[in-house]
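Worksheet for the structure shown next.
Start at 1 and go down the list; that is how both ligands and their atoms are numbered.
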Amino acid sequence: MRAVVIGTGPAGITAAETLRRLDPSGSVVALSAEESPPYSPPAMADHFLTGRDETLYWKGADVADRLGIDERRGARVEAIDADNREVVLGDGGRIGYDGLVLASGSSLYAPLEGADLPGVLDFKSLRTATELIGRVRSGQATRALIVGNGFIGVELSLLLADLGVDVTIIGRRGWVMPRALDPVTSAVAEAALVARGVTLRLGVEATAIVGDPTASGVRMADGTVLAGDLIVAATGVKPHTEYLGGSGVATDWGVTVDEGLATSVPGITAAGDVAEAIDRFTGERFVHAIFPNAVAQAPIAAANLLGAGIRYDGAEAMNSLKHLGVPIVSIGTIEAPDDVLRWEDGDDLRAVYLRDDRVIGAQLAGDISAAGVYHSLMLRRQPVGRYGRRLVEPGFGMADIVFDVLAPEGSRPAA
Ligand SMILES: Cc1cc2nc3c(=O)[nH]c(=O)nc-3n(C[C@H](O)[C@H](O)[C@H](O)COP(=O)(O)OP(=O)(O)OC[C@H]3O[C@@H](n4cnc5c(N)ncnc54)[C@H](O)[C@@H]3O)c2cc1C
């Protein structure tokens, strides 16, 4: 097969690798709008702090050469001509395909007036992150305003604070990472952020990014304007679907895919942040823009182009704050629980969200060793009433659930 992959992020390079392995006599062209080798965005903060590349170029900077992938950098796709099965590049060049994987990722985004002003910076790609950090290192930026209190805004605020920037996070909800953390767990993150010098303005509304000709401040609902020389609009992520107009590929927020990650156009699949796949637990389509989903979807999107017929189990929500000083992990959802079990001891805390006697979400701060246990219970949709409060107490672990999760039905000892 002549395969083309759009994007060389975690999803794209994994899809390209899979296609080489499964179809060694075929060809794989992997296109990136950027000039860098395939990289891992979660490693960018460490890269900028330490200057090291090993984890950034997570597959090795020479991965394409090693695997025989025709990797083309600085090759932005402008359109897809699905009738002729060709990808159209910014320079007018065309590349024919038999099978195409869309893995073009996403950008930071905020639905705010002025969010498209010059000088509103992104930190989602290495290209945009390099530009942002370059402004800090050259002394052009000393006061950052991050509109949005989600995961990437929090990670970025920590990096900027470490680089000596005066950082303010502005969030409409009253606590940080409100989609992933409840206010109790969030308080641990907030204390750590404040201790690192980050200013939190939470429970307030930004109405516009202002500045002429470039962004220089954020107007708040009460009319005040906060001044900044580094402004990031990051209330969420927006999948890169702009090149799909006229292609026939159906999009909603992202590219809508079926349970085999196929798009609405034959011969085209999608994976990673660009794909709006089924949520494993709710069954609804959602863009869960995290690394594990990208690298789990990519081999399926690739193999299904070759007719493998593999069903994707569904995406899920999972976040871990790595640079806070206190480990914090969240999995699943905090929406509409029947009950919440909590255990707290200072910065060590666990919260397990339950619905219909099943775990639908969990948050851990400090000792995060039980995250895998809760994840296993979620995956198995295992009833947990038998454990009572023990579920959140220290010491509860895999040994407590091993029979429920691993032993064949009927062989379990009585509780
Ligand atoms: C700072 C930061 C920290 C993160 N930390 C975590 C974490 O701790 N845990 C976690 O699970 N996730 C984390 N994420 C999210 C994770 O990085 C993404 O979910 C993951 O990178 C998605 O991979 P992807 O390949 O789908 O997209 P991307 O990584 O966005 O890659 C997209 C690729 O498509 C290319 N592209 C885009 N448009 C075009 C076009 N028109 N033509 C050609 N090429 C194009 C880009 O150049 C790039 O190569 C983090 C993200 C950031 C930014």
Would you say the ring centers of F396 and W343 fall short of 6.0 Å from each other?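 Not close enough - the centres of the two rings lie 6.0 Å or further apart.
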Keeping the roles fixed (side chain from [X], backbone from [Y]), state whether a donor-acceptor pair exists under 3.5 Å.
{"X": "R20", "Y": "L67", "result": "yes"}
{"X": "R66", "Y": "K59", "result": "yes"}
{"X": "Q297", "Y": "G272", "result": "yes"}
{"X": "E155", "Y": "K322", "result": "yes"}
{"X": "S330", "Y": "S320", "result": "no"}
{"X": "Y374", "Y": "L391", "result": "yes"}
{"X": "R355", "Y": "A336", "result": "yes"}
{"X": "D338", "Y": "D356", "result": "yes"}
{"X": "E34", "Y": "R127", "result": "yes"}
{"X": "S186", "Y": "P183", "result": "no"}

Under 4.0 Å, heavy-atom basis, I'd like to know which part of [X] is in contact with ligand 1: side chain, backbone, both or neither.
{"X": "K322", "result": "side chain"}
{"X": "A45", "result": "neither"}
{"X": "F123", "result": "both"}
{"X": "A33", "result": "both"}
{"X": "I152", "result": "side chain"}
{"X": "A75", "result": "backbone"}
{"X": "Y243", "result": "side chain"}
{"X": "L156", "result": "neither"}
{"X": "L31", "result": "backbone"}

Compare all side-chain heavy atoms of L132 with those of L156 and state whether any distance is below 4.5 angstrom.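 Counting from C-beta outward, L132 and L156 do come under 4.5 Å.
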Is there a side-chain contact between L126 and M44 in this structure, where contact means two heavy atoms from C-beta onward sitting under 4.5 Å apart?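 The answer is yes, as the side chains (C-beta and beyond) meet within the 4.5 Å cut-off.
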Any chance CZ of R2 has more than 12 other-residue heavy atoms, nucleotides or ligands included, within less than 6.0 Å?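 Yes - once you tally the heavy atoms of other residues, nucleotides and ligands closer than 6.0 Å, there are more than 12.
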Please check if atom CD in E78 has more than 12 non-hydrogen atoms from other residues, nucleotides or ligands closer than 6.0 Å.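 Result for CD/E78: enclosed.
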Just distances here: any N/O of [X] and N/O of ligand 1 closer than 3.5 Å?
{"X": "Y39", "answer": "no"}
{"X": "A271", "answer": "no"}
{"X": "E155", "answer": "no"}
{"X": "M318", "answer": "no"}
{"X": "T8", "answer": "yes"}
{"X": "F291", "answer": "yes"}

Check each of D273, I6, L126 against atom 22 (C) of ligand 1 and report the one with the nearest heavy atom.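 The option holding the nearest heavy atom is D273.
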Can you figure out which of S125, S36, S104 has its heavy atom closest to atom 36 (N) of ligand 1?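 Closest candidate by heavy-atom distance is S104.
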Give the atoms of ligand 1, by number and element, whose distance to some non-hydrogen atom of [X] is under 4.0 Å.
{"X": "P292", "value": "11 (O)"}
{"X": "A103", "value": "32 (C), 33 (C), 34 (O)"}
{"X": "A11", "value": "24 (P), 25 (O), 26 (O)"}
{"X": "A289", "value": "15 (C), 19 (O)"}
{"X": "G272", "value": "26 (O)"}
{"X": "K124", "value": "30 (O), 53 (C)"}
{"X": "S106", "value": "30 (O)"}

Protein contact of [atom] - nearest heavy atom, named by residue and atom, plus distance:
{"atom": "atom 3 (C) of ligand 1", "answer": "P42 CA, 3.7 Å"}
{"atom": "atom 30 (O) of ligand 1", "answer": "G105 CA, 3.4 Å"}
{"atom": "atom 21 (O) of ligand 1", "answer": "P41 CG, 3.3 Å"}
{"atom": "atom 35 (C) of ligand 1", "answer": "G7 CA, 3.7 Å"}
{"atom": "atom 42 (N) of ligand 1", "answer": "V77 N, 2.8 Å"}
{"atom": "atom 31 (O) of ligand 1", "answer": "G9 CA, 3.5 Å"}
{"atom": "atom 48 (C) of ligand 1", "answer": "E34 OE2, 3.5 Å"}
{"atom": "atom 23 (O) of ligand 1", "answer": "P10 CD, 3.4 Å"}

About how many Å separate CD of Q363 and CD1 of I331, when rounded to the nearest 0.5 Å?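 Between atom CD1 of I331 and atom CD of Q363 there are 9.5 Å.
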Roughly how far apart are R380 CZ and H375 NE2, rounded to 0.5 Å?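 Here the interatomic distance stands at 13.0 Å.
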Identified side-chain contact (heavy atoms from CB on, under 4.5 Å) partner of F123 from the options I146, T128, I133, T130: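 Testing F123 for a side-chain contact (heavy atoms from CB on, under 4.5 Å) against I146, T128, I133, T130 leaves exactly one candidate, I133.
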